[in-house]
Amino acid sequence: MKSTSIHPTQSNAFAEIIFLFGPTGVGKTELLLDLDPKKFSVINADSIQVYRYLDIGSAKASLEVRHSIPHHLIDIKDPWEQFSVGEFIAYADQAVASIHQEGKIPVISGGTAYYFKHFLYGLSEAPPSDEGVRLAVAQRIEQNGRAWAYEYLKQIDPISAQRIHPMDMYRVSRALEVYEKSKRPLSSFSLPDTPRNGMHPLVIGLMRESDQLRTRLALRIKQMFDQGLEDEIRSLLRMGAQMSWPGLQGIGYREFFQAMEHGEWSRSIIADQIERNSRLYAKRQMTFFKSFAQVQWMNADEKGEILTAIQWYLHPDCMSLQ
RNA sequence: GCCGCUUUAGCUCAGUUGGUAGAGCAAAGGACUGAAAAUCCUUGUGUCCUCAGUUCAAUUCUGAGAGGCGGCA
């Protein structure tokens with residue numbers, strides 16, 4: 001792997017890639033500032049930070065940070081556009097290739113565990129989500145009820161029905177959508193379970209004590225309001241923002257739209273809801289991340305150890321001499 | 001000061017015609033087949049404010065006290 005190939009930039013298969021993930025508010029962005037921009041570039045793996053105009057609420061890295069170390073996959077979509085894992089993988093592959101081309105190491109950093117999982121293993125061959133079909137399925141579920149939807153799933157795809165909980169309409173409807181689209185049960189498309197292209201990333205999981213994370217989240221949300229989160233919402237409203245916009249499903253946005261539906265905009269209530277939802281989200285993220293294989297868990301404050309781990313990964317022979 | 005209402009899980013509150021109690025939210029744990037900041041699952045022992053009385057038995061009834069809310073002074 002240390003071969004001095006004539007085409008070093010083309011050896012995508014075994015090139016170094018670093019995964020950096022952790023729950024919201026753990027301190028990923030702060031850590032990125034310690035990376036040498038001459039050696040590393042960042043690829044964002046956050047499903048909300050891909051959207052333009054969603055800066056404060058999504059806790060996007062500031063322009064200064066992005067100036068000091070390049071970030072890919074930020075501001076690539078408008079908030080009314082749908083984004084998806086499939087697109088993430090395609091864009092991330094491109095970014096990884098171009099970063100390698102520059103002779104640098106890509107650091108994929110973010111909190112969307114689902115994106116990391118499928119970037120590493122790839123997706124099944126099942127057809128991508130189709131908004132039209134999805135709406136049609138949703139309508140039928142609306143008319144006939146959830147029980148009907150699950151019974152129907154049991155008929156067309158008993159294997160998926162066993163895996164999916166009867167109340168989990170998000171997944172039931174995707175399974176029905178796939179059947180509608182391909183006339184094949186979702187479970188007939190197998191899910192890969194080995195890394196794509198022999199990828200062997202360094203997987204760093206950042207963690208913190210839950211009390212500490214809680215305090216940090218509370219502080220961060222306060223700062224978001226100080227930085228003008230409400231102005232950001234108002235300017236989105238001027239753009240015609242609707243609660244249904246995909247980007248606005250993010251925590252820190254949807255709470256405002258829910259509040260407006262009830263005809264009230266109470267700063268303190270909304271702030272509390274954002275805080276609560278962030279905590280719940282952080283918990284779900286941790287649960288997902290914990291299920292990943294070969295994670296090097298590190299305390300987010302131990303920057304020295306994290307950088308050392310990266311050194312080990314990039315130059316194993318060098319380190320072993322010491 | 002008087003009158004009324006109120007005190008039950010971390011929070012908001014149900015409830016037991018007297019047999020020691022249960023929802024939502026939170027919290028903890030979990031799932032995750034192209035929307036994933038989404039969607040979903042599991043988990044409920046708490047001096048039922050305190051003391052005394054009635055009773056086989058009181059969180060439930062009676063009395064007194066304490067806290068809260070409201071009205072009248």
Side-chain angles (χ1 to χ4, degrees), chain A residues 21 23-25 44-51 54 57-60 77 79-92 110-119 121-135 137-138 141 146 149-150 153 157 159-179 181-182 184-193 210-211 214 217 220-221 224 244-255 257 269 272-292:
Chain A
F21 62 61
T24 185
N44 163 249
D46 181 300
S47 63
I48 301 297
Q49 291 180 12
V50 297
Y51 290 109
L54 309 185
S58 74
K60 210 178 268 176
K77 285 275 171 184
W80 54 86
E81 295 180 291
Q82 189 66 253
F83 189 65
S84 69
V85 221
E87 271 187 277
F88 171 78
I89 295 171
Y91 279 112
T112 306
Y114 197 59
Y115 288 3
F116 280 101
K117 179 181 173 182
H118 288 106
F119 180 78
Y121 295 108
L123 293 161
S124 79
E125 298 291 320
S129 182
D130 179 315
E131 211 159 341
V133 179
R134 200 166 77 215
L135 276 168
V137 169
I141 296 177
R146 294 169 164 218
Y150 189 70
L153 177 65
D157 186 354
I159 299 173
S160 292
Q162 201 165 27
R163 176 176 66 80
I164 299 169
H165 186 95
M167 283 298 142
D168 192 349
M169 280 306 116
Y170 190 92
R171 291 191 171 76
V172 170
S173 81
R174 150 106 272 236
L176 297 182
E177 173 196 321
V178 168
Y179 185 72
K181 201 84 209 234
S182 65
R184 278 178 59 185
L186 175 61
S187 57
S188 71
F189 299 94
S190 67
L191 193 66
D193 59 357
S210 71
D211 282 356
R214 202 191 184 89
L217 283 173
R220 190 170 80 164
I221 285 146
M224 284 179 181
S244 57
W245 285 9
L248 302 180
Q249 303 314 305
I251 297 162
Y253 298 97
R254 62 166 201 258
E255 291 83 359
F257 289 85
I269 292 175
D272 282 351
Q273 285 168 341
I274 294 175
E275 209 178 308
R276 177 176 57 92
N277 288 333
S278 299
R279 257 186 275 124
L280 293 170
Y281 176 49
K283 184 153 176 48
R284 268 180 276 136
Q285 286 176 300
M286 282 306 289
T287 303
F288 207 150
F289 289 142
K290 278 189 277 185
S291 73
F292 284 23

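Note that these values count all heavy atoms, side chains included, but never hydrogens, waters or copies made by symmetry. In what follows, chains are A, B, ... by sequence order, proteins preceding strands, each numbered from 1.
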Starting the side chain at C-beta, find the nucleotide from B:G34, B:A38, B:C40 nearest to A:Ser129.
B:G34
Between B:C61 and B:G19, how many Å separate the two C1' atoms, rounded to a whole number?
15 Å
Rounded off to whole Å, could you give me the OH-to-P distance for the A:Tyr150 and B:C41 pair?
12 Å
Just call it for A:Thr287: base, sugar-phosphate, or nothing, with non-hydrogen atoms closer than 4.0 Å on any strand.
base
Is there side-chain contact between A:Arg174 and A:Glu177, with heavy atoms separated by less than 4.5 Å?
yes
Assign A:Ser58 to base, sugar-phosphate, or nothing according to its heavy-atom contacts below 4.0 angstrom with the strands shown.
base
Distance check, P atoms only: B:C49 and B:U59, in whole angstrom units.
9 Å
In whole Å, measure the gap between the P atoms of B:G46 and B:G22 for me.
13 Å
Establish, from distance only, whether the side-chain atoms of A:Thr24 and A:Gln285 form a donor-acceptor pair under 3.5 Å.
no
In whole Å, what is the span from the CZ atom of A:Arg163 to the P atom of B:A31?
14 Å
Minimal heavy-atom distance between A:Ile274 and A:Ile251, with the atoms involved, is O-CG2, 3.8 Å
Check A:Pro127 against A:Phe189 and note the closest heavy-atom contact, atom names and distance.
CD-CZ, 4.0 Å
Whole angstroms only, please: what is the NZ-P distance between A:Lys283 and B:C32?
16 Å
What about A:Phe292 and A:Phe116, are their ring centers closer than 6.0 Å?
no
Provide, to the nearest angstrom, the distance between the OH atom belonging to A:Tyr170 and the C1' atom belonging to B:A31.
14 Å
Suppose we define a pair by two distances each less than 3.5 Å, Watson-Crick or G-U wobble; what does B:A26 pair with here?
none
Between B:C41 and B:G53, how far is it from one P atom to the other, in whole Å?
50 Å
Give one of base, sugar-phosphate or nothing for A:Arg284, where a contact means two heavy atoms less than 4.0 Å apart.
base
Please report the distance separating the P of B:U43 from the corresponding atom of B:U60, rounded so that it comes out in whole Å.
31 Å
For a 4.5 angstrom cut-off between non-hydrogen side-chain atoms, does A:Leu54 reach A:Leu248?
yes
Touch class at under 4.0 angstrom, heavy-atom based, for A:Leu280 against every strand present:
sugar-phosphate
Does A:Gly25 reach a base, just sugar-phosphate, or nothing at all? Heavy atoms under 4.0 Å.
nothing
From the list A:Phe289, A:Tyr114, A:Phe119, ring-ring contact (aromatic ring centres under 6.0 Å, His included) partner of A:Phe21 resolves to A:Phe289
For A:Arg279 and B:C11, give me the distance from atom CZ to atom C1', rounded to whole Å.
12 Å
By the 4.0 Å heavy-atom rule, please label A:Asn277 as base, sugar-phosphate, or nothing.
nothing
Donor-acceptor list for residues 81-89 of chain A side chains, cut-off 3.5 Å, not counting sequence neighbours:
residue	atom	partner	partner atom	Å
A:Glu81	OE1	A:Asp78	N	2.6
A:Ser84	OG	A:Glu87	N	3.4
A:Glu87	OE2	A:Lys77	NZ	2.9

Verify the contact: side-chain N or O of A:Lys290 to OP1 or OP2 of B:G30, cut-off strictly under 4.0 Å; return yes or no.
yes
Send over the distance from A:Phe288 CZ to B:C32 C1', rounded to a whole Å.
5 Å
Integer angstrom distance from the C1' of B:G24 to that of B:U47:
25 Å
State the pairing partner of B:C51; accept Watson-Crick or G-U wobble contacts with both distances under 3.5 Å, and report none otherwise.
B:G63
Close residues, residues 171-179 of chain A, relative to RNA chain B [heavy-atom separation under 4.0 Å]:
A:Arg171, A:Ser173, A:Arg174
Hey, which of these two, A:Ser160 or A:Tyr253, hits RNA chain B nearer its 5' end, going by closest nucleotide?
A:Ser160
Who is the Watson-Crick or G-U wobble partner of B:C5, with both distances under 3.5 Å?
B:G68
Pick the C1' atom in B:A9 and in B:A26, then give their distance to the nearest Å.
11 Å
Could you measure the distance from the CE atom of A:Met224 to the CD1 atom of A:Ile221? Nearest 0.5 Å is fine.
6.0 Å
Can you tell me how far P of B:G30 sits from CD1 of A:Ile164, to the nearest Å?
22 Å
A:Gln249-A:Tyr253 side chain donor-acceptor pair, cut-off 3.5 Å:
no
Categorize A:Arg254 for me: base, sugar-phosphate, or nothing, with a 4.0 angstrom heavy-atom threshold over every strand shown.
sugar-phosphate
Ignoring hydrogens and angles, state whether a donor on the side chain of A:Ser278 or A:Arg220 is under 3.5 Å from an acceptor on the partner side chain.
no
Under 4.0 Å, heavy atom to any atom of RNA chain B: which of residues 80-88 of chain A qualify?
A:Gln82, A:Phe83, A:Ser84, A:Val85, A:Gly86
Roughly how far apart, to the nearest Å, are B:G4 and B:G63 at atom P?
11 Å
Which of parallel (below 30°), tilted (30 to 60°) and perpendicular (above 60°) describes A:Trp80 and A:Trp245?
perpendicular
Report the distance from atom OH of A:Tyr114 to atom C1' of B:A35, rounded to the nearest whole Å.
9 Å
